[in-house]
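Everything below concerns the one structure shown next.
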Amino acid sequence: MFSVKELVESVPLTSLPSNYIFGNTESNRHCLLMEPEETVPIIDFSLLTSHDPHQRSKTITQLGNACLNWGFFMVINHGVAETLRDEMVRETESFFDLRGEEKKQYAGKKLFDPIRCGTSFNANVDKTLLWRDYLKIHVHPHFNAPAKPSGFSKVLQEYCEKTREMANELLRGISESLGLEERYINEKLGVESSESHQLFVANMYPPCPQPELAMGLPPHSDHGLLTILMQNGIQGLQVMHKGKWVLINPLPNSFLVNTGDHMKILTNGKYKSVLHRAVVNNKATRISIGTAHGPPLDTLVSPAKELVADDAGQTYLGITYRNYLELQQSKSLSGKSCLDRLRFSM
């Protein structure tokens, strides 16, 4: 089956197909239960970009605390028009609603194919399939977009430009929160260069007949420095915080941002790349739209020497962004398995 959406629409499902059951023991099922909601930190983007030094300094401190304690935060007053966000969701829904043969031209097999759509994470090696269809587009340094729907390309380009600007500003604030120069991260890693990397990822999670047995995305951390996420109003994102899964309920018109594995490498482990997952439901289709922001593909990312304490030493080996993506895509999505392979042996 090319997609979960096709599976759901082909026959009425009253039970979950066995190849989608995410563990069949009672303990594994218990792991899928959600913990009570808890609010993630909120960053007011307008204060981060304020000309008032006191307001900006206060917001930078809040941003640093969010990266240190959560690795996740909500961004409000970001300046991205609500109409653009809504259009991006609608165009994404329209893409997933295309006929199967129209989407199959983008069923790429290679990691760096400009446009790829498919199902699960890595269906060739996944022992259990994920209840998820996806669309992945490399949108920077070279912009790509599917030919259909007809309005998709224009909306995508504007949306990705806006999120790229937001990511660059957040990274300036994060640099300062670390006691570094404002443009340290952006200049050291070439994030604002013409070759920086941005990946657009849209996920569709159709209604599931037995959501307690399935998984949209298993616990994992993201590659890159930052991921900027929005969704269509249906809950399903959970974040690991203090050993518990927290269901995220975003404020209206807000973005969710998480720091990725390369932020953890760069900060020598000071800032988190937090585990998160996507659970599914039996009532409504959930759509999430993320943009992953990283350096140029051939940039070596290693701990900043300014953040390596003499007594503690370097925690992570350096690796190019390209090689890290290849490492992650070569296996099933599983926790922080890629990041753990880069830890120095003590």
Side-chain angles (χ1 to χ4, degrees), residues 41 43 48-49 53 56-73 140-141 164-199 220-228 257-275 291-329 335-346:
I43 301 299
L48 182 65
T49 57
R56 188 170 188 278
S57 176
K58 182 179 178 182
T59 307
I60 287 172
T61 299
Q62 294 171 344
L63 183 58
N65 288 336
C67 295
L68 181 68
N69 298 319
W70 275 82
F72 240 90
F73 51 91
H140 198 266
R164 201 157 59 244
E165 290 169 4
M166 189 194 315
N168 289 342
E169 195 64 50
L170 288 170
L171 288 170
R172 293 183 199 121
I174 290 172
S175 283
E176 289 195 67
S177 75
L178 290 162
L180 303 171
E181 293 293 328
E182 177 186 2
R183 294 187 177 272
Y184 180 92
I185 294 176
N186 291 354
E187 290 183 355
K188 177 180 173 62
L189 298 183
V191 179
E192 292 188 56
S193 75
S194 60
E195 294 301 311
S196 65
H197 192 263
Q198 184 184 23
L199 180 70
H220 68 283
S221 57
D222 289 348
H223 61 76
L225 295 164
L226 295 176
T227 299
I228 297 176
V257 180
N258 68 277
T259 47
D261 291 347
H262 291 81
M263 181 66 74
K264 187 162 188 176
I265 293 171
L266 180 70
T267 63
N268 204 37
K270 180 175 182 178
Y271 283 174
K272 294 179 181 294
S273 60
V274 73
L275 287 175
T291 53
H293 301 265
L297 287 173
D298 293 314
T299 297
L300 180 71
V301 182
S302 58
K305 64 180 187 301
E306 293 87 347
L307 301 176
V308 177
D310 293 337
D311 57 341
Q314 187 172 321
T315 305
Y316 293 99
L317 296 166
I319 188 171
T320 66
Y321 193 35
R322 181 189 302 275
N323 288 347
Y324 193 91
L325 292 175
E326 291 171 339
L327 177 65
Q328 187 183 62
Q329 189 64 36
K336 297 187 180 185
S337 57
C338 293
L339 192 59
D340 289 342
R341 290 179 64 173
L342 298 179
R343 290 187 70 93
F344 266 113
S345 301
M346 301 301 291

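Between Gly173 and Leu48, the shortest heavy-atom contact is CA-CD1, 4.2 Å.
Surrounding NZ of Lys58 are at most 12 heavy atoms belonging to other residues, nucleotides or ligands under 6.0 Å away. Crowding of Glu182 atom CD: a count of heavy atoms from other residues, nucleotides or ligands under 6.0 Å exceeding 12.
Residues satisfying the side-chain contact (heavy atoms from CB on, under 4.5 Å) criterion with Glu165, sequence neighbours excluded, are Lys162. Residues satisfying the side chain to side chain donor-acceptor pair (under 3.5 Å) criterion with Asn258, sequence neighbours excluded, are Asp222. With sequence neighbours left out, Thr59 forms a side chain to side chain donor-acceptor pair (under 3.5 Å) with no residue at all. For Tyr321, the ring-ring contact (aromatic ring centres under 6.0 Å, His included) partners two or more places apart in sequence, or in a different chain, are His197, His223, His262. Considering only residues two or more places apart in sequence or on other chains, Ser196 meets the side chain to side chain donor-acceptor pair (under 3.5 Å) condition with His140. Under the side chain to side chain donor-acceptor pair (under 3.5 Å) criterion, Asn323 pairs with Thr320, not counting sequence neighbours. With sequence neighbours excluded, the residues that form a side-chain contact (heavy atoms from CB on, under 4.5 Å) with Pro141 are Glu195. With sequence neighbours excluded, the residues forming a side-chain contact (heavy atoms from CB on, under 4.5 Å) with Glu192 are Asn168, Arg172, Arg183, Asn186, listed by chain and number. Listed by chain and residue number, Lys270, Tyr271 satisfy the side-chain contact (heavy atoms from CB on, under 4.5 Å) test with Leu68 (two or more places apart in sequence, or in another chain). For Tyr316, the ring-ring contact (aromatic ring centres under 6.0 Å, His included) criterion is met by no residue, not counting sequence neighbours.
For residues 291-304, the pairs satisfying side-chain hydrogen bond (donor to acceptor under 3.5 Å, both in side chains) are Thr291-His293, Asp298-Arg322, with sequence neighbours left out.
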